[in-house]
Amino acid sequence: MNSLRHSRLHTPISRTNFPKLTFFLHTQTTPSQHSNPSTNPCQNLDITHVSQLIAKQHWSEIKTLLKPTSPTTFLQLLFNYGTDPELILSFFKWSQLHFKVSHCLEHYCRLFHLLASAKKYRKIRSLLCVFVRIERYSCSSVFHTLLNFSDRVSDNSVIVDMLILAYVNNCDVGLALEGFERAGDYGFRLSVLSCNPLLNLVVKEGKFRAVEVLYKEMIRRRIELNLISFNIVINGFCKAGKLQKASDVVEDMKVWGIEPSVITYNTLIDGYCKKGRTGKMFKADALLKEMVANKISPNEVTYSILIDGFCKDGSVSAAVRIFKEMQAQQFTPCVVAYNALINGHCRDGEIDKALVLRDEMVVSGLQPDLVTFNALINGLCKKSMLKEAKELFDCIAKEGLYANVISFNTLIDAYCKAGELEEAIKLRSRMLDQMVIPNVSTYNCLIDGYSKKGNPETASKLLDEMKYKGLSPNVVTYNIRVDALCNKGRSRDAVKLLDEMIDAGLRPSHTTYNIVMDGYCREGNLRAALNVRRRMETQGLRPNTVTYNVLLKGLCEKGKLEDANTYLNQMLEKGLIPNKVTYDIVREGMMEKGFVPDIDGHIYTSSVST
DNA sequence: TTAGGGTTAG
């Protein structure tokens, strides 16, 4: 590192050791500022005049001055004359645009330093914005060159901090992370101004392991973390489902003397709502009580999170209570709160209630947005009300909104499920007309539609077309293919697809294994189904309610009620909550055996006998 | 510079 600092590539040039440049600014007429024109080859240069021309942006005259030389030499001259850095920047950018000049790294770094010395930080940010967009230098080469011009840690640190922020703003997470790492090696001090946006980008990109590494490294380098830094890290852990680690960060922030804010609590509550296990809504509710006890008032975001959480947990009635509580607390529900509840009703099959809510929001002066439309279209589709769904879809444009890929996919899926494949294909063409690009989900809907309607050749062609367009099959694509094979009684071939998935870098999900288990059960091969369950557990996936439902169904259909009962108890012991499907399976199994079920909403324990 | 809502597989 030290050797780097001492091996200057360029010695800053003072006016006294001015190099012998070979061009003259032949149009200028004012006297040169230089006292010794006989030794100065640019004796006719009037830097004041040139500066004025740049300041007034008289580029046509500058262009004439440049004729005998090149923009790069002219820039060098401006540097050497100690011209105002803002004027150099002006010329730098103009020459980039006008002559498509690719300025060298040395000139960039020299200008960064001049601007840093003059504390023109906004200008540095603006130049860095261009720099990261058009230049492809490694962080090390930039750091190395910066050090060649100055070893002032404060200036270099500010520039590097802004460079990392520029990478982040350019969504270049790779270079931003490299910059963060190398900055540590070079001893540059970073701030939350770059680290917080970097942390946030890493969370948004789902690189959760990197969040933890960054957080620990920020603490190790004694970077002054603030409330926002902690909140972003907590959000990262929550999104990764690492709720305990998120809670640990809350303790860390308290040690730093920073108290959790409403955003901290909202982030945690949302984490529990989305990733928590059994009883997650109790935990979310407990957090709500804790925040109130700590004198932090819930806001509209808190309520929206809880409404959505309860809806997704299958308890729309609880979500409605929260919605009313929100109103009782003098909060006017916002579009997000309405949308969460509208979607809850739609998923519950209660389209009328959803439409009433939509009307209510309009009366209260809120304009339904695209999310409202998409949720309602989906609700109508799931009730097989395709005509109404299509009419609502056409209303999107009338409201001045633009249908997006989700709007189209929802409708395409509905047409596929209804067997109206030609309509689905027509919609895909309409997507392209409206500049909406089909994504993997679009293809998944179509592939599933064609697979299920007995046209596997078209399904296969669509798969090839999707790959040809640069879209990689995702877990859902494989699940559709696995399902198609299982439906043909080819569960053994479906298992082979699991290996293909892993080779493609994808991780089979609960659903993947559940589909294969269901396939084997339908083939009557319970032993193979149980083998798949073991494989699933080996992969670190714990059986979920659907897994048990699939196996229970397999056992009931084979008349093995005793075994089914054992499984049911095992499911309860593992803290899994039976759902409506579980009850239906067991009830049907009992009926088949001539028993009259008397569950009334209660699950059997050991009362089942054969 | 930090938190919330909509689509596909079972």
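Predicted, not measured: the structure shown is a model, and the values here were computed from it. The figures here come from the full heavy-atom set of this structure, side chains too, leaving out hydrogens, waters and symmetry mates. Each chain gets a letter, A, B and so on, in the order the sequences are listed, and its residues count up from 1.
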Does anything in residues 248-258 of chain A come within less than 4.0 Å of DNA chain B? Heavy atoms only, and list the residues if so. none
Mind running a 4.0 Å heavy-atom check of residues 399-422 of chain A against DNA chain B and sending the residues that fall below it, in number order? A:Asn404, A:Ile406, A:Asn409, A:Thr410, A:Asp413, A:Lys417
Nearest-Å distance for atom pair [atom1]/[atom2], residues [X] and [N]:
X: A:Leu376; N: B:dT7; atom1: CG; atom2: C1'; result: 14 Å
X: A:Asn226; N: B:dT2; atom1: CG; atom2: P; result: 11 Å
X: A:Met281; N: B:dG4; atom1: CE; atom2: C1'; result: 13 Å
X: A:Leu227; N: B:dA3; atom1: CG; atom2: P; result: 12 Å
X: A:Met431; N: B:dT7; atom1: CE; atom2: P; result: 15 Å
X: A:Met218; N: B:dT2; atom1: CE; atom2: P; result: 14 Å
X: A:Asn299; N: B:dT2; atom1: CG; atom2: C1'; result: 13 Å
X: A:Ile307; N: B:dG6; atom1: CD1; atom2: P; result: 13 Å

OP1 or OP2 of [N] sitting under 4.0 Å from any side-chain N/O of [X]?
X: A:Lys239; N: B:dG4; value: yes
X: A:Asn343; N: B:dG6; value: yes
X: A:Lys452; N: B:dG10; value: yes

Cut-off 3.5 Å, no hydrogens considered: what does the side-chain donor-acceptor table look like for residues 392-401 of chain A, sequence neighbours left out?
from: A:Asp394; atom 1: OD1; to: A:Arg430; atom 2: NH2; distance (Å): 3.4
from: A:Asp394; atom 1: OD2; to: A:Lys390; atom 2: NZ; distance (Å): 3.4
from: A:Glu399; atom 1: OE1; to: A:Gln367; atom 2: NE2; distance (Å): 3.0

Touch class at under 4.0 angstrom, heavy-atom based, for [X] against every strand present:
X: A:Lys553; answer: nothing
X: A:Val192; answer: base
X: A:Asp369; answer: base
X: A:Leu370; answer: base
X: A:Val335; answer: base
X: A:Asn549; answer: nothing
X: A:Cys195; answer: nothing
X: A:Thr267; answer: sugar-phosphate

Ignoring hydrogens, what is the shortest heavy-atom contact between A:Asn231 and A:Thr264? Give both atom names and the distance. OD1-OG1, 2.6 Å
Side chain of [X] only, heavy atoms from C-beta on: which candidate in [options] is closest?
X: A:Val301; options: B:dG4, B:dT8, B:dG10; result: B:dG4
X: A:Asn378; options: B:dG4, B:dT7, B:dT1; result: B:dT7
X: A:Lys204; options: B:dT8, B:dT2, B:dT7; result: B:dT2
X: A:Asn231; options: B:dA9, B:dG4, B:dT2; result: B:dT2
X: A:Lys382; options: B:dG6, B:dG10, B:dT7; result: B:dT7
X: A:Glu300; options: B:dG10, B:dG4, B:dA9; result: B:dG4
X: A:Ser441; options: B:dT7, B:dA9, B:dT2; result: B:dT7
X: A:Asn266; options: B:dA3, B:dT7, B:dG6; result: B:dA3
X: A:Ser304; options: B:dA3, B:dG4, B:dA9; result: B:dG4

Whether [X] side chain and [Y] backbone form a donor-acceptor pair below 3.5 Å:
X: A:Thr267; Y: A:Ile263; result: yes
X: A:Asp313; Y: A:Ser315; result: no
X: A:Glu523; Y: A:Ser491; result: yes
X: A:Lys383; Y: A:Gly349; result: yes

Answer yes or no for A:Arg221 and A:Phe180: cation-pi contact, defined as NZ/CZ to six-membered ring centre under 6.0 Å and angle to ring axis within 45°. yes
Show me the donor-acceptor pairs, under 3.5 Å and distance only, between side chains in residues 248-256 of chain A and residues at least two apart or in other chains.
from: A:Asp248; atom 1: OD1; to: A:Gln244; atom 2: NE2; distance (Å): 3.1
from: A:Asp252; atom 1: OD2; to: A:Tyr215; atom 2: OH; distance (Å): 2.6

Is the base of B:dG10 touched by the side chain of A:Asn514 through a donor-acceptor pair closer than 3.5 angstrom? no
Could you tell me which residues satisfy side-chain contact (heavy atoms from CB on, under 4.5 Å) with A:Asn200, sequence neighbours excluded, listed by chain and number? A:Lys204, A:Ile232
Got a sec, which pairs hit side-chain hydrogen bond (donor to acceptor under 3.5 Å, both in side chains) with one end in residues 295-312 of chain A, sequence neighbours left out? A:Asn266-A:Asn299, A:Asn266-A:Thr302, A:Asn299-A:Thr302, A:Asp308-A:Lys312
Within the structure provided, determine whether A:Asn544 and A:Thr547 are in side-chain contact (heavy-atom separation under 4.5 Å). yes
Thinking salt bridges, do A:Glu422 and A:Lys426 make one under a 4.0 Å N-O criterion? no
